[in-house]
Enquirer: 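Structure provided below as C-alpha cells; questions to follow.
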Amino acid sequence: QLQLVESGGGTVQPGGSLKLSCAASGRTLDYYAIGWFRQAPGKEREGVSCKSSRGGSTYYADSVKGRFTISKDNAKNMVYLQMNSLKPEDTAVYYCAADESGTSLSNLCGLPERVPYWGQGTQVTVSS
C-alpha cells in the first residue's frame, strides 16, 4: 500500500516562496502519476499540478502557471512543489496524491475524487 506524507507548509507573506515535499513509502513511485491538489475553506478540492509517471508530461492549473513547479524524484521516492510569487488566494490545505492506473493528466488533476492515494495535507497560508 502506497503511503504519502506532505511537509513544508507554513505561513508566508505575499510574493514569498515555499517548497512542499511529499515522501512516499510502501511502494516505489516509478509507476505512479502524481499530483498536488489544494482545498480552501468552503471550496472544492482542485488540481494544482500533475506529472506523469515517467515525468514526460506535466499539467498546471492556469492560476499557478509560471509560479509553481512540480518535480518527481523516483530515486528518492519524493515529490515536490516549488511555489513562488505566492498570493493570498493560494491559501489552502495542499495534498499530495498518486495514481497508478495510467489515467490522463487531465483526468488525474481534473477528477480528484477518482485518485486513490492521498497524503494528510499541509496548510499553506499567504498573508501579510
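Note that the structure is a prediction, hence the values are computed from the model and not measured.
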Enquirer: For Phe37, which residues count as a ring-ring contact (aromatic ring centres under 6.0 Å, His included) partner, sequence neighbours excluded?
Expert: Trp118
Enquirer: Got a donor-acceptor contact below 3.5 angstrom from the Trp36 side chain to the Tyr80 backbone?
Expert: yes
Enquirer: For residues 94-114, which residue pairs qualify under ring pair (Phe, Tyr, Trp, His ring centres under 6.0 Å), counting only residues two or more places apart or in two chains?
Expert: none
Enquirer: State which residues pass salt bridge (charged side-chain N to carboxylate O under 4.0 Å, His left out) with Lys43; sequence neighbours excluded, sorted by chain then number.
Expert: none
Enquirer: Return the set of residues passing side chain to side chain contact (heavy atoms under 4.5 Å, CB included) with Thr103 (not counting sequence neighbours), or none when no residue passes.
Expert: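 Only Asp99, Ser101, Asn107, Leu108 meet the side chain to side chain contact (heavy atoms under 4.5 Å, CB included) criterion with Thr103.
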Enquirer: Ignoring hydrogens and angles, state whether a donor on the side chain of Ser127 or Thr125 is under 3.5 Å from an acceptor on the partner side chain.
Expert: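 Side-chain D/A pair, Ser127 to Thr125: absent.
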Enquirer: Work out which heavy atom in Arg54 is nearest to a heavy atom in Tyr31; give both atom names and the distance.
Expert: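 Closest heavy-atom pair between Arg54 and Tyr31: NH2-CE2, 3.4 Å.
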Enquirer: Please list all pairs meeting disulfide (SG to SG under 2.5 Å) that have one or both residues in residues 72-128, counting only residues at least two apart or in different chains.
Expert: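 Listed by first then second residue: Cys22-Cys96, Cys50-Cys109.
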Enquirer: If you look only at distance, which donor and acceptor atoms sit under 3.5 Å apart when one is on a side chain in residues 7-19 and the other is two or more places apart or in another chain?
Expert:
| from | atom 1 | to | atom 2 | distance (Å) |
| --- | --- | --- | --- | --- |
| Ser17 | OG | Asn84 | OD1 | 2.9 |

Enquirer: Determine the sole option in Thr69, Val48, Ile70 for which the side chain to side chain contact (heavy atoms under 4.5 Å, CB included) test with Val64 is passed.
Expert: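 Going through the options one by one, the only one that passes is Val48.
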Enquirer: Does Glu89, at its CD atom, have more than 12 non-hydrogen atoms belonging to other residues, nucleotides or ligands within less than 6.0 Å?
Expert: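 Yes.
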Enquirer: Do Thr28 and Asn77 come close enough that some side-chain heavy atom pair is under 4.5 Å?
Expert: yes
Enquirer: Locate the shortest heavy-atom distance separating Ser106 from Ser104; write the atom from each residue and the value.
Expert: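 In this case the closest contact between Ser106 and Ser104 is OG-OG, 3.0 Å.
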Enquirer: Please check this pair: side chain of Glu6 against backbone of Gly121, looking for a donor-acceptor N/O pair closer than 3.5 Å.
Expert: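 Indeed, once roles are kept as given, a pair shorter than 3.5 Å links the two residues.
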Enquirer: Listed by chain and number, what are the ring-ring contact (aromatic ring centres under 6.0 Å, His included) partners of Tyr32, not counting sequence neighbours?
Expert: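 In terms of ring-ring contact (aromatic ring centres under 6.0 Å, His included), with neighbours along the sequence ignored, Tyr32 is linked to Tyr117.
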Enquirer: Where do Val115 and Ala98 come nearest, in terms of heavy atoms and distance?
Expert: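 That would be CG1-O, 3.4 Å.
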Enquirer: Could you give the distance from CZ (Phe68) to OG (Ser49), rounded to the nearest 0.5 Å?
Expert: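 So the gap between those two atoms works out to 9.5 Å.
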Enquirer: Locate the shortest heavy-atom distance separating Lys72 from Asp30; write the atom from each residue and the value.
Expert: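 Heavy atoms of Lys72 and Asp30 come nearest at NZ-O, 4.1 Å.
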Enquirer: Does atom CD (Glu113) have a neighbourhood of more than 12 heavy atoms from anything else shown, all under 6.0 Å?
Expert: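 Above 12, so yes.
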Enquirer: Among all residues two or more places apart in sequence or in another chain, which pass the side-chain hydrogen bond (donor to acceptor under 3.5 Å, both in side chains) test with Thr58?
Expert: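 For Thr58, the residues satisfying side-chain hydrogen bond (donor to acceptor under 3.5 Å, both in side chains) (neighbours in sequence not counted) are Lys51.
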Enquirer: Can you list everything that forms a salt bridge (charged side-chain N to carboxylate O under 4.0 Å, His left out) with Asp90? Sequence neighbours excluded, please.
Expert: Arg38, Arg67
Enquirer: Should Leu29 and Leu81 be regarded as members of a common hydrophobic cluster, given that ILVMFWY residues are connected when their side-chain heavy atoms come within less than 4.5 Å of each other, either directly or indirectly?
Expert: yes
Enquirer: Starting at OG of Ser52, measure out to CD1 of Ile34 and round the result to the nearest 0.5 Å.
Expert: 8.5 Å
Enquirer: Would you say that Gln120 contacts Val5 through its side chain, given a criterion of any heavy-atom pair below 4.5 Å between the two side chains?
Expert: yes
Enquirer: State which residues pass salt bridge (charged side-chain N to carboxylate O under 4.0 Å, His left out) with Arg27; sequence neighbours excluded, sorted by chain then number.
Expert: Glu100
Enquirer: Verify the cluster assignment for Val124 and Tyr60: are they in a single hydrophobic cluster under the rule of side-chain heavy atoms below 4.5 Å apart?
Expert: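 Yes; tracing contacts between hydrophobic side chains, which count when under 4.5 Å, links both residues.
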Enquirer: Only counting residues at least two apart or in another chain, list the ones meeting ring-ring contact (aromatic ring centres under 6.0 Å, His included) with Tyr59.
Expert: none
Enquirer: Which residues pass the salt bridge (charged side-chain N to carboxylate O under 4.0 Å, His left out) test with Arg114, sequence neighbours left out?
Expert: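 For Arg114, no residue satisfies salt bridge (charged side-chain N to carboxylate O under 4.0 Å, His left out) once neighbours in sequence are set aside.
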